[in-house]
2 protein chains.
Amino acid sequence: MSEGDKNNKQKYHHGNLQNSLVTAATKMIEAEGIENLSLRKLAISVGVSRTAAYHHFTDKNDLLCAVAAQGFIAWKAIEEQVFNDTTLTNEQQYRQFFLNYIQFAAENPSLYDLMFGRTIWKEASSTQTLRDAAYPSFQYQVEMTKTWQAQGLLPKSENTLRLAQVTWGTMHGIARLLIDGIYADSNNIDEMCECALNLFLAQKSTATS
Amino acid sequence: MSEGDKNNKQKYHHGNLQNSLVTAATKMIEAEGIENLSLRKLAISVGVSRTAAYHHFTDKNDLLCAVAAQGFIAWKAIEEQVFNDTTLTNEQQYRQFFLNYIQFAAENPSLYDLMFGRTIWKEASSTQTLRDAAYPSFQYQVEMTKTWQAQGLLPKSENTLRLAQVTWGTMHGIARLLIDGIYADSNNIDEMCECALNLFLAQKSTATS
DNA sequence: AGCTTAAGTTGCCATGGTTAACATTACCTT
DNA sequence: AAGGTAATGTTAACCATGGCAACTTAAGCT
């Protein structure tokens with residue numbers, strides 16, 4: 001074969017299968033939903049045979065965990081961007097964080113579903129890699145809650161961990177209602193967030209006492 | 001065959017397959033999770049052949065919807081029990097409702113997952129039967145929110161629908177975190193609920209102005 | 001009794017996850 | 001450069017599952 005063929009001809013070794021699979025899987029999941037992702041279709045879309053993926057992931061769950069881990073990394077970048085923005089007041093920062101969270105979920109529903117859904121978390125099926133990527137986010141949430149309490153945005157009287165669970169629960173709940181199309185739709189994201197923030201931030205006056 | 005055989009011998013016609021399937025499916029789902037429910041295993045457990053179910057349900061989704069619908073009926077009974085209990089004050093009633101909701105989810109995690117998860121709600125895959133069973137609950141939530149606002153338990157200033165979405169979102173979020181085992185576990189249900197209720201009900205003073 | 005139809009049954013097919021055995025190539029050692 | 005090894009891909013095959021078709025049984029009405 002001629003040298004020029006190298007560009008057209010498929011190499012026997014893909015070269016970057018692992019990453020390609022994660023990327024392609026992310027797209028496919030966002031396009032067709034988690035439950036419609038099949039390793040076979042995925043393999044074909046990447047131009048590789050059915051079982052090639054098994055040389056990079058122990059099984060489907062492992063791949064899904066990798067996709068989710070990638071999602072957490074992306075989410076963390078957004079998170080940090082808000083907290084490094086010094087032009088915002090404390091309250092603006094909190095509001096922005098809340099809005100970003102819901103927006104992230106609304107814009108990447110299937111990815112969010114994967115990241116925070118039972119598919120990969122139930123029955124200890126989460127990978128170590130995933131946990132390493134995800135736990136810092138949880139941790140962050142608690143730390144920030146402590147800060148917000150100190151700033152008087154959230155009630156100081158509440159146990160920090162519980163408060164973090166509840167406030168995150170609210171974001172998570174709203175996100176899920178949106179994603180699952182239950183009882184809420186994306187037309188009202190802003191209003192819903194505003195309402196939730198009003199509930200939480202109204203504590204300010206009594207909390208700083 | 002003798003008359004007595006009727007008790008031992010399998011009848012060709014099951015007699016009450018539809019209900020049996022829903023009941024068995026509910027149990028199997030609670031035992032092994034939604035994703036592990038297979039129509040074949042289910043059929044065997046009921047003592048019927050693989051495809052018998054198709055004479056009662058158009059497909060698997062249809063069966064799942066029936067199970068979920070049953071769940072909504074069960075939940076409604078609990079709901080009404082609280083609201084008919086006249087010995088409770090308004091606030092006690094609200095607290096009880098909140099606690100019951102989380103408890104229902106914690107005690108029937110898989111059923112809750114099915115009822116409020118994307119499996120049956122995404123892509124308009126919900127059955128009419130299911131919608132008929134479920135919508136009243138959503139409706140109820142809105143009506144009760146209006147009442148709670150009128151009673152001064154929740155801020156009157158907020159749009160009722162948004163408030164209902166947010167408060168339900170919080171319950172839903174907490175339930176999901178518990179069920180999916182993310183960041184929260186069942187040891188702290190009471191404390192989490194208490195924290196959430198404190199956030200919501202603290203509005204009282206400003207709301208009644 | 002006989003017809004119709006609901007309710008069950010077995011056979012069959014496609015999809016999809018996963019393992020096993022084989023093929024190819026990258027890469028390291030000598 | 002030659003040769004060996006491990007990594008990476010490939011095909012074949014297995015098994016579980018959802019679902020359709022064609023056939024069977026029996027319940028129920030006329």
Side-chain angles (χ1 to χ4, degrees), chain A residues 1 3 5-25 28-29 31-68 110 114 119-120 122-123 125 127, chain B residues 1 3 5-25 28-29 31-67 114 119-120 122-123 125 127:
Chain A
M1 80 176 89
E3 306 258 325
D5 280 344
K6 282 181 184 173
N7 293 325
N8 309 326
K9 190 66 182 291
Q10 310 275 351
K11 287 182 296 185
Y12 187 88
H13 284 98
H14 180 285
N16 197 14
L17 227 201
Q18 180 140 6
N19 285 330
S20 296
L21 284 172
V22 172
T23 307
M28 191 169 287
I29 285 174
E32 307 179 48
I34 300 173
E35 53 286 333
N36 291 317
L37 174 79
S38 90
L39 291 186
R40 288 157 112 108
K41 280 189 294 183
L42 181 64
I44 291 170
S45 84
V46 179
V48 120
S49 78
R50 291 165 273 161
T51 58
Y54 286 89
H55 284 281
H56 300 275
F57 303 96
T58 64
D59 56 15
K60 190 180 184 180
N61 182 66
D62 191 28
L63 207 194
L64 290 178
C65 284
V67 172
S110 292
L114 180 63
T119 314
I120 51 177
K122 56 123 199 269
E123 299 162 23
S125 57
T127 312
Chain B
M1 82 176 90
E3 304 260 321
D5 280 344
K6 281 182 184 173
N7 293 325
N8 309 327
K9 190 68 181 288
Q10 309 275 350
K11 287 183 297 186
Y12 187 89
H13 285 96
H14 181 284
N16 197 13
L17 228 200
Q18 182 141 5
N19 285 329
S20 297
L21 284 172
V22 172
T23 307
M28 192 169 286
I29 284 174
E32 307 179 49
I34 301 173
E35 53 287 332
N36 290 318
L37 173 80
S38 89
L39 291 186
R40 289 159 110 108
K41 280 188 293 183
L42 180 63
I44 291 171
S45 85
V46 180
V48 121
S49 78
R50 294 167 268 151
T51 59
Y54 287 91
H55 286 280
H56 301 276
F57 303 95
T58 64
D59 56 14
K60 190 179 184 179
N61 182 66
D62 192 27
L63 207 193
L64 290 177
C65 284
V67 172
L114 179 64
T119 314
I120 51 177
K122 55 124 201 270
E123 299 161 26
S125 57
T127 311

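All values derive from a computational prediction rather than experimental measurement. Quick note on labels: first sequence line is chain A, next is B, and so on, each numbered from 1.
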Self-check item: Whole-Å distance separating the CG atom of A/D62 from the C1' atom of C/dT18
Solution: 14 Å

Quiz prompt | Distance-only donor-acceptor test (3.5 Å): side chain A/R40, base C/dG17 | solution = yes

Practice problem: Let me know the distance between CG of B/L63 and C1' of D/dG19, rounded to the nearest Å. | Solution: 14 Å

Practice problem: Rounded to the nearest angstrom, tell me the gap between atom CZ in A/R50 and atom P in C/dT19. | Solution: 15 Å

Exercise. Whole angstrom is fine here: how far is it from CG in A/L42 over to C1' in C/dG17?
Key: 13 Å

Quiz item: Given C/dT10, D/dG18, D/dT10, which nucleotide is nearest the side-chain atoms of A/S49?
Solution: D/dT10

Practice problem: Could you tell me the separation between the OG1 atom of A/T119 and the CG atom of A/L114, rounded to the nearest 0.5 Å? | Solution: 6.0 Å

Self-check item: Side-chain donor/acceptor of B/T51 to backbone N/O of B/Y54, under 3.5 Å
Solution: no

Quiz prompt | Whole-Å distance separating the CG atom of A/L17 from the P atom of C/dA26 | solution = 14 Å

Practice problem: Would you sort out whether B/T23 and B/S20 count as a side-chain contact (heavy atoms from CB on, under 4.5 Å), showing the intermediate values? | Solution: CA-CA 5 Å; B/T23 307; B/S20 297; 5.7 Å; no

Exercise. Look at the side-chain N and O atoms of A/H55 and state whether any lies under 4.0 Å from the OP1 or OP2 oxygen of D/dA6.
Key: no

Quiz item: Rounding to a whole Å, what distance do you find between B/N36:CG and D/dG18:P?
Solution: 11 Å

Quiz prompt | Between P of D/dT17 and OH of B/Y54, the distance in whole Å | solution = 12 Å

Quiz item: Nearest nucleotide by nearest heavy atom, which residue falls closer to the 5' end of DNA chain D, A/A52 or B/L37?
Solution: A/A52

Quiz item: Of all the choices, C/dG11, C/dG17, C/dG8, which nucleotide is nearest to the side chain of B/H56 once you look at every atom?
Solution: C/dG8

Exercise. Would you indicate whether the side-chain heavy atoms of A/L21 and A/V48 approach each other to under 4.5 Å?
Key: no

Quiz prompt | 4.5 Å side-chain heavy-atom contact, B/L64 and B/L37 | solution = yes

Quiz prompt | Residue B/K41, side-chain heavy atoms: nucleotide from C/dT10, D/dT17, D/dT10 that is nearest | solution = D/dT17

Self-check item: Length of the line joining A/F57:CZ and C/dT19:C1', which is rounded to integer Å
Solution: 18 Å

Quiz item: When you check the phosphate oxygens OP1 and OP2 of D/dT17, does a side-chain N or O of B/S38 lie under 4.0 Å from one of them?
Solution: yes

